[in-house]
Amino acid sequence: QVQVVESGGGLVQAGGSLRLSCASSGRALITYGMGWFRQAPGKEREFVAGIFRGGYSTTYADSVKGRFTISRDNAKNTVFLQMNNLKPEDTAVYYCAASAGYGLSTTELQYDYWGQGTQVTVSS
């Protein structure tokens with residue numbers, strides 16, 4: 001079992017950048033595929049980015065490709081989401097999640113452990 005805690009959210013102007021962190025405790029992070037999801041007000045939670053256990057394979061939602069980068073430091077049990085060129089439509093609560101399954105996971109049901117989320121607000 002693993003516990004994850006997000007940090008790094010905040011208020012930023014459109015075009016700006018933020019870096020989210022997801023720190024884990026419990027079982028070693030390398031045993032999990034990791035992902036970021038987000039939920040905007042009045043909308044369902046959606047997949048943002050995922051990274052394979054070893055970190056050598058990633059996948060992104062079309063809406064963030066070229067702007068967001070997911071990475072991981074397994075030695076430090078931390079996953080990151082670098083968000084550049086932020087847009088008002090990126091405003092949401094961002095969640096980190098861990099998947100015990102094999103492969104890259106892009107749906108909520110494939111993830112087993114979730115953080116509490118961190119708010120990202122992008123002003124126009």
- Kindly determine whether V79 and L29 satisfy side-chain contact (heavy atoms from CB on, under 4.5 Å), including the steps that lead there. CA-CA 9 Å; V79 177; L29 194 64; 3.6 Å; yes
Nearest 0.5 angstrom please: [X] [atom1] to [Y] [atom2], how far?
X	Y	atom1	atom2	answer
S71	R19	OG	CZ	6.0 Å
I51	L104	CD1	CG	8.5 Å
M83	L18	CE	CG	4.5 Å
C22	N77	SG	CG	10.0 Å
E44	Q39	CD	CD	8.0 Å
S7	Q116	OG	CD	13.5 Å

- Can you say whether the rings of Y94 and F68 are parallel (under 30°), tilted (30 to 60°) or perpendicular (over 60°)? tilted
Taking all atoms of both residues into account, what is the closest heavy-atom pair of [X] and [Y], and its distance?
X	Y	value
C96	E6	N-OE2, 2.8 Å
A98	V2	CB-CG1, 3.8 Å
A14	S124	CB-CA, 4.3 Å

Mind checking whether [X] and [Y] sit in one hydrophobic cluster, side chains of I, L, V, M, F, W, Y counted as touching below 4.5 Å?
X	Y	value
Y95	Y113	no
Y111	W36	no
L81	V12	yes
F80	L86	no
V64	V122	yes

- Step by step, work out the side-chain contact (heavy atoms from CB on, under 4.5 Å) result for Q82 and I70. CA-CA 6 Å; Q82 177 67 42; I70 187 171; over 6 Å; no
Does the side chain of [Y] come within less than 4.5 Å of [X]'s, by heavy atoms?
X	Y	result
M34	V4	yes
F52	T58	no
Q1	R27	no
F47	T107	no
T118	V93	no

- Query: Would you call K87 and D90 a salt bridge, taking side-chain N to carboxylate O under 4.0 Å as the test?
  - Reply: no
Main-chain N/O of [Y] paired to [X] side chain as donor or acceptor, under 3.5 Å:
X	Y	answer
S24	T78	no
N74	R53	yes
D112	S99	no

- Task: List the steps, then state whether side-chain contact (heavy atoms from CB on, under 4.5 Å) holds for L20 with V120.
- Result: CA-CA 9 Å; L20 304 183; V120 171; 4.0 Å; yes
- Under 3.5 Å side-chain donor-acceptor pair for S17 and N84: yes
- Under 3.5 Å, is there a donor-acceptor pair between the Q3 and S25 side chains? yes
- Message: Using the rule given for side-chain contact (heavy atoms from CB on, under 4.5 Å), can you reason through E108 versus R45, listing the C-alpha separation, both sets of side-chain angles and the distance that settles it, and then say yes or no?
- Response: CA-CA 8 Å; E108 286 190 61; R45 189 154 56 183; 3.0 Å; yes
